[in-house]
Amino acid sequence: MAGMATHVITGAGSGIGAAVARRLHARGDELVLHARDAGRAKELAAEFPGARTLVGDLADPGRLSWAFSHQTLPDRVDSLLHIAGVVDLGEVGDLTPKAWRHQLDVNLVAPAELTRHFLPQLRAARGHVIFVNSGAGLSANAGWSAYAASKHGLKALADSLRQEEHANGVRVTSVYPGRTASPMQIKVHQQEGKEYDAAKWIDAESVATTILMALDLPRDAEVNDLTVRPGR
């Protein structure tokens, strides 16, 4: 993606999202960073000087439209990067509807709603939508049903969007990272009752490198699906 571009990013506060935001900020691109509330938006603005923020709770996607109506959305969007996510492990016999809804709302419904809002700008810019999915979006293991369902749904969203928007010049990429050293991975290990060792997992910067590779690919090519696995 040549020249200065405008990127809307969810999940820029930590892990993969923070790594991507740092790289794009360092090269001088315009950032619009999503935050769940005003306090978090203030923190992100301080961390990334010059970046704009957009406030809305991904856990309540039905109110995102209302929240955005009270804010100024960017006129141009070259990329929309869905990186935020939540995980709550549990067996099917133990998961409550609240646990199911929370993961589906944040991981699937909110990305769909954000995409809907920014599609006019993405079409005008012939932009790029990147969904940071998960290995759980390709296969589901015991204890991961709700999270995996939300990520399988995210794959379906990306696949449908790609076909719908191809003629409009909008590129759509799904990235499927394996376990990545991040605050989310710490939480997963706590839920699993396992000791966490960041050295065993992918560095968030490595995943960011793959995302930027897809983002910066010349217009004659498009990465549809990109799987990233630990190399050690």
Side-chain angles (χ1 to χ4, degrees), residues 8-18 20-21 32-41 43-44 53-71 73 77 79-119 122 129-141 143-162 164-165 172-177 180 182-188 190-192:
V8 177
I9 309 174
T10 71
S14 66
I16 296 169
V20 170
V32 181
L33 306 178
H34 170 270
R36 62 180 175 270
D37 55 42
R40 191 62 173 137
E43 294 172 358
L44 289 172
T53 57
L54 185 64
V55 177
D57 189 356
L58 300 183
D60 191 2
R63 289 181 60 82
L64 287 174
S65 181
W66 176 87
F68 293 166
S69 71
H70 293 79
Q71 301 171 75
L73 300 183
V77 176
S79 82
L80 172 58
L81 297 106
H82 298 287
I83 308 179
V86 295
V87 58
D88 289 300
L89 303 185
E91 296 186 355
V92 174
D94 299 323
L95 287 169
T96 64
K98 182 178 180 180
W100 277 92
R101 281 194 295 267
H102 181 58
Q103 293 180 84
L104 289 168
D105 281 345
V106 174
N107 297 343
L108 174 58
V109 182
E113 179 66 352
L114 282 171
T115 302
R116 182 177 73 87
H117 272 278
F118 288 112
L119 263 180
L122 287 160
V129 183
I130 295 184
F131 296 92
V132 176
N133 199 300
S134 165
L138 299 173
S139 62
N141 295 319
W144 290 75
S145 60
Y147 179 75
S150 70
K151 292 299 188 176
H152 274 67
L154 193 66
K155 179 184 185 302
L157 169 61
D159 290 348
S160 294
L161 181 69
R162 185 179 301 112
E164 292 170 3
E165 296 301 324
V172 179
T173 299
S174 287
V175 181
Y176 302 91
T180 302
S182 66
M184 176 182 280
Q185 195 56 231
I186 294 173
K187 179 181 179 181
V188 166
Q190 290 172 343
Q191 293 181 39
E192 292 176 324

Student: Between Leu81 and Val132, is any pair of side-chain heavy atoms under 4.5 Å apart?
Tutor: no
Student: Can we say Arg40 and Asp37 salt-bridge, meaning some charged N sits less than 4.0 Å from an Asp/Glu carboxylate O?
Tutor: no
Student: How many angstroms lie between OG in Ser160 and CD in Glu165, if you round to the nearest 0.5 Å?
Tutor: 11.0 Å
Student: Any idea which heavy atoms bring Val55 and Ala67 closest together, and the distance?
Tutor: O-CB, 3.7 Å
Student: As an exercise, state the distance from CD of Gln103 to CZ of Arg101, rounded to the nearest 0.5 Å.
Tutor: 12.5 Å
Student: Measure the shortest side-chain to side-chain distance between Arg63 and Asp57 over non-hydrogen atoms and say whether it is less than 4.5 angstrom.
Tutor: no
Student: Of all the heavy-atom pairs spanning Ser134 and Lys151, show the shortest one and how long it is.
Tutor: CB-CG, 4.1 Å
Student: Using the ring-ring contact (aromatic ring centres under 6.0 Å, His included) criterion, which residues pair with Trp144? Sequence neighbours excluded.
Tutor: Tyr147
Student: Report yes if some heavy atom in the side chain of Leu138 is under 4.5 Å from a heavy atom in the side chain of Lys155; otherwise report no.
Tutor: yes
Student: Could you please spell out the steps behind the side-chain contact (heavy atoms from CB on, under 4.5 Å) verdict for His117 and Glu113?
Tutor: CA-CA 6 Å; His117 272 278; Glu113 179 66 352; 3.3 Å; yes
Student: Is the closest side-chain heavy-atom distance between Asp60 and Asp105 below 4.5 Å?
Tutor: no
Student: At what distance, to the nearest 0.5 angstrom, does CG of Leu64 lie from CG of Leu54?
Tutor: 8.5 Å
Student: Can you tell me how far apart NZ (Lys98) and CG (Asp88) are? Round to the nearest 0.5 Å.
Tutor: 10.0 Å
Student: Relative to each other, are the rings of His82 and Phe131 parallel, tilted or perpendicular (30° and 60° limits)?
Tutor: parallel
Student: Between atom CZ of Arg116 and atom CG of Leu161, what is the distance when rounded to the nearest 0.5 Å?
Tutor: 13.5 Å
Student: Ile83 and Thr10: which non-hydrogen atoms are nearest, and at how many Å?
Tutor: N-OG1, 2.9 Å
Student: Any idea which heavy atoms bring Val106 and Pro111 closest together, and the distance?
Tutor: O-CD, 3.3 Å
Student: I'd like to know if the side chain of His102 reaches the main chain of Ala59, judged simply by a donor and an acceptor atom lying under 3.5 Å from each other, with no hydrogens or angles considered.
Tutor: no
Student: When rounded to the nearest 0.5 angstrom, what is the spacing between CG in Asn107 and CG in Asn133?
Tutor: 9.0 Å
Student: What is the minimum heavy-atom distance between Leu154 and Leu108, and which atoms define it?
Tutor: N-CD1, 3.6 Å
Student: Looking at every heavy atom in both Leu58 and Ala84, which two are closest together, and how far apart are they?
Tutor: CD1-CB, 3.7 Å
